[in-house]
Amino acid sequence: MIAYLAPEKFLPDLLEELKYVKSVHGNLVLTDGPLQNPVWAQNIWLDAQIIPFESITQAAKALKALGKLWAPYTIENHRRAQLIQDQLPKLRPRVINFLDPLPDNNLGAWMLLDKNTLLASPTTNSPFPLGDVQFNEDKKNPPSRAYLKLWELFTVYGIKPKKGQRVVDFGSCPGGWTWVLQTVGCEVVSIDRAPLEPHIAALPGVKFMKTNAFNVKPEDIGAIDWFFSDIICYPEKLLELVQNWQASGLCSNFVCTIKFQGKTDYETLKKFLALENVRIQHLHHNKHEVTVWIKAPSSS
Ligand SMILES: C[S@@+](CC[C@H](N)C(=O)[O-])C[C@H]1O[C@@H](n2cnc3c(N)ncnc32)[C@H](O)[C@@H]1O
């Protein structure tokens with residue numbers, strides 16, 4: 001069986017897209033079909049097994065027989081779960097630096113379905129406990145926490161422009177994404193209706209345009225290697241902007257945030273999912289929004 005853990009608050013979104021649902025435990029959805037690729041899963045338990053047990057020691061033994069390192073997911077019986085976890089090898093916090101290699105130990109995950117039943121998967125799809133990606137944050141330079149979305153995309157998913165590439169950053173104020181893009185050596189055309197923080201605007205390689213992103217034509221900017229957008233706008237409008245740029249032939253790599261207000265706009269999300277070479281994921285650092293990336297097959 002395969003189980004999918006929804007990020008906090010997004011269980012309804014995960015349930016909307018998952019097939020073969022068998023049961024739901026807190027934010028964890030157990031399925032009995034083949035592996036799916038949901039937008040709204042922050043951790044996938046690839047080999048979930050149900051294991052009855054009598055004692056805490058027996059539960060810990062069963063887990064140790066299956067795998068080495070385990071992250072617990074608890075929704076009830078917290079004390080009992082803690083006593084089991086205490087008998088397992090210690091799981092140290094996994095906090096990494098931007099662009100560090102990922103921790104290479106595979107992580108299992110487990111939970112108590114009730115006092116005497118484990119749901120355990122010795123393999124998961126993330127080297128971070130329950131998909132909780134943690135960075136040693138930079139509290140000094142970036143002017144907003146939005147930079148963590150790009151840090152996660154670049155470090156965990158390996159989606160990153162190369163040094164010297166020309167990129168556009170739409171909806172860039174106060175400048176977190178522009179800062180990240182500048183730090184990896186890009187030439188950044190940074191566009192927002194509101195001004196950038198002065199220390200970001202002054203960085204070498206950053207050119208700021210104070211204007212409405214939807215009035216900027218691709219020909220005004222010319223050829224770019226990557227299109228970035230964190231604009232707050234209706235998903236439908238963002239799709240139009242991406243498709244305009246795709247049609248122009250002036251850019252083939254795209255990273256953007258689809259932001260939802262109130263209810264998730266599944267209809268437009270489906271249209272994004274239908275784009276060629278697209279991947280869409282609710283990143284750990286996303287709020288009620290998802291990150292889209294489209295990478296030209298030839299670019300590395
Ligand atoms: C979430 S903030 C972006 C944060 C930014 N990525 C960062 O790292 O600091 C969204 C931005 O979209 C901008 N925005 C909204 N509509 C816009 C438009 N039509 N044209 C340009 N910018 C727009 C807002 O001014 C706001 O600064």
Side-chain angles (χ1 to χ4, degrees), residues 7 9 98-99 133 135-157 159-161 165-203 205-221 224-245 248 251 253-262 264-265 268 272 280-294:
K9 297 198 207 132
F98 178 45
L99 297 182
V133 179
F135 285 108
N136 286 313
E137 296 185 18
D138 184 330
K139 307 252 171 169
K140 196 169 133 238
N141 296 298
S144 69
R145 287 179 55 79
Y147 77 97
L148 288 165
K149 293 184 270 187
L150 283 194
W151 270 25
E152 183 175 345
L153 188 69
F154 291 8
T155 309
V156 178
Y157 296 87
I159 298 299
K160 171 179 156 303
Q165 286 191 320
R166 185 165 187 258
V167 306
V168 70
D169 179 17
F170 284 117
S172 57
C173 165
W177 282 29
T178 291
W179 172 75
V180 175
L181 293 165
Q182 196 271 348
T183 61
V184 297
C186 292
E187 294 287 316
V188 192
V189 181
S190 178
I191 298 173
D192 204 295
R193 289 188 303 209
L196 278 185
E197 281 292 310
H199 73 285
I200 303 295
L203 290 170
V206 172
K207 181 182 165 223
F208 180 61
M209 291 168 64
K210 189 167 178 299
T211 185
N212 182 341
F214 298 98
N215 292 341
V216 178
K217 295 194 179 64
E219 313 81 80
D220 301 338
I221 307 289
I224 52 170
D225 297 294
W226 290 76
F227 166 113
F228 287 86
S229 166
D230 198 26
I231 302 176
I232 295 176
C233 66
Y234 288 113
E236 205 41 82
K237 265 198 113 177
L238 177 66
L239 179 62
E240 222 175 90
L241 187 67
V242 168
Q243 287 179 321
N244 272 347
W245 273 85
S248 77
C251 179
N253 300 296
F254 295 80
V255 171
C256 53
T257 315
I258 310 177
K259 295 174 187 268
F260 301 110
Q261 274 152 15
T264 303
D265 176 353
T268 309
F272 269 100
I280 308 183
Q281 189 65 49
H282 182 274
L283 303 180
H284 180 68
H285 291 96
N286 278 140
K287 295 179 185 151
H288 191 192
E289 57 188 18
V290 292
T291 299
V292 177
W293 61 97
I294 302 168

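Heavy atoms only: backbone and side chains are in, while hydrogens, waters and symmetry mates are out. Because the structure is predicted, anything quoted here is derived from the model rather than measured. Numbering of ligands and ligand atoms starts at 1, following listing order.
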Study note, to complete from the structure: A146 heavy atoms within 4.0 Å reach ligand 1 at atoms 7 (C), 8 (O)
Review point. Given that the side chain starts at C-beta and the backbone is N, CA, C, O, which of these parts of F214 lies under 4.0 Å from ligand 1, counting heavy atoms, or is it both or neither?
Key: side chain
Check your understanding: At their closest point, which heavy atom of F154 faces which heavy atom of V180, and how far apart are they?
Key -> CE2-CG1, 3.7 Å
Point to revise | Derivation and outcome, side chain to side chain donor-acceptor pair (under 3.5 Å), residues D230 and T257 | key: CA-CA 5 Å; D230 198 26; T257 315; 2.8 Å; yes
Study note, to complete from the structure: CG (D225) and CD (E187) are apart, to the nearest 0.5 Å, by 10.5 Å
Point to revise | atom 20 (N) of ligand 1: nearest protein contact (heavy atom, Å) | key: A213 N, 2.8 Å
**Study point:** Identity and distance of the protein heavy atom lying nearest atom 25 (O) of ligand 1
**Key:** D192 OD1, 2.6 Å
Practice item. List the closest protein heavy-atom neighbour of atom 10 (C) of ligand 1: residue, atom name, distance to the nearest 0.1 Å. Key: D230 O, 3.4 Å
Review point. Does E137 reach the main-chain N or O of F135 with its side chain, forming a donor-acceptor pair under 3.5 Å?
Key: no
Study note, to complete from the structure: Of I191, L241, I200, I232, the one whose closest heavy atom lies nearest atom 12 (O) of ligand 1 is I232
Check your understanding: Which of the atoms in ligand 1, numbered in the order shown and given with their element, are less than 4.0 Å from a heavy-atom of N212?
Key -> 18 (C), 19 (N), 20 (N)
Exercise for review: Identify the protein heavy atom lying closest to atom 8 (O) of ligand 1, giving its residue, its atom name and the separation to 0.1 Å.
Suggested key: W177 N, 2.9 Å
Practice item. Go through ligand 1 atom by atom and flag the ones less than 4.0 Å from a non-hydrogen atom of I231. Key: 12 (O), 14 (N), 15 (C), 16 (N), 17 (C), 23 (C)
Revision key, fill the gap. The closest protein heavy-atom partner of atom 16 (N) of ligand 1 is R193 NH2, 3.3 Å
Check your understanding: For ligand 1, which atoms, with element, lie under 4.0 Å from some heavy atom of P174?
Key -> 9 (O)
Point to revise | Identity and distance of the protein heavy atom lying nearest atom 4 (C) of ligand 1 | key: C173 O, 3.2 Å
Practice item. Measure from the side-chain N and O atoms of D169 to the backbone N and O of S172, and report whether any donor-acceptor pair falls under 3.5 Å. Key: no
Exercise for review: List every atom of ligand 1 that sits less than 4.0 Å from any heavy atom of G176, numbering the atoms from 1 in the order shown and giving each element.
Suggested key: 7 (C), 8 (O), 9 (O)
Review point. What do you reckon, does S172 put a non-hydrogen atom under 4.0 Å from ligand 1?
Key: yes
Revision key, fill the gap. Looking only at protein heavy atoms, what sits closest to atom 3 (C) of ligand 1 is G171 O, 3.0 Å
Review point. What's the shortest heavy-atom distance between H288 and G262, and which atoms?
Key: CE1-O, 2.9 Å
Review point. For the atom pair CD1 (I294) and CZ (F272), what is the distance rounded to the nearest 0.5 Å?
Key: 7.5 Å
Review point. If you draw a 6.0 Å radius around OH in Y157, do more than 12 non-hydrogen atoms from other residues or ligands fall strictly inside?
Key: yes
Point to revise | Location of contacts on K259 toward ligand 1, heavy atoms closer than 4.0 Å | key: side chain
Exercise for review: Mark yes or no for whether E152, through its side chain, and H284, through its backbone, hold a donor-acceptor pair below 3.5 Å.
Suggested key: yes
Practice item. State whether the side chain of W177 and the backbone N or O of A146 hold a donor-acceptor pair below 3.5 Å, judged by distance alone. Key: yes
Practice item. Compute the centroid of each ring, for W245 and then for F254, and state whether the two points are separated by less than 6.0 Å. Key: no
**Study point:** Atom indices of ligand 1 within 4.0 angstrom of S144 heavy atoms, with elements
**Key:** 7 (C), 8 (O), 9 (O)
Point to revise | Interatomic spacing from CG in N141 to OG1 in T183 - rounded to 0.5 Å | key: 9.0 Å
Check your understanding: Hey, does K149 sit under 4.0 Å from ligand 1 if you only count heavy atoms?
Key -> no
Practice item. Please confirm whether T211 comes under 4.0 Å of ligand 1, counting heavy atoms of the residue only. Key: yes
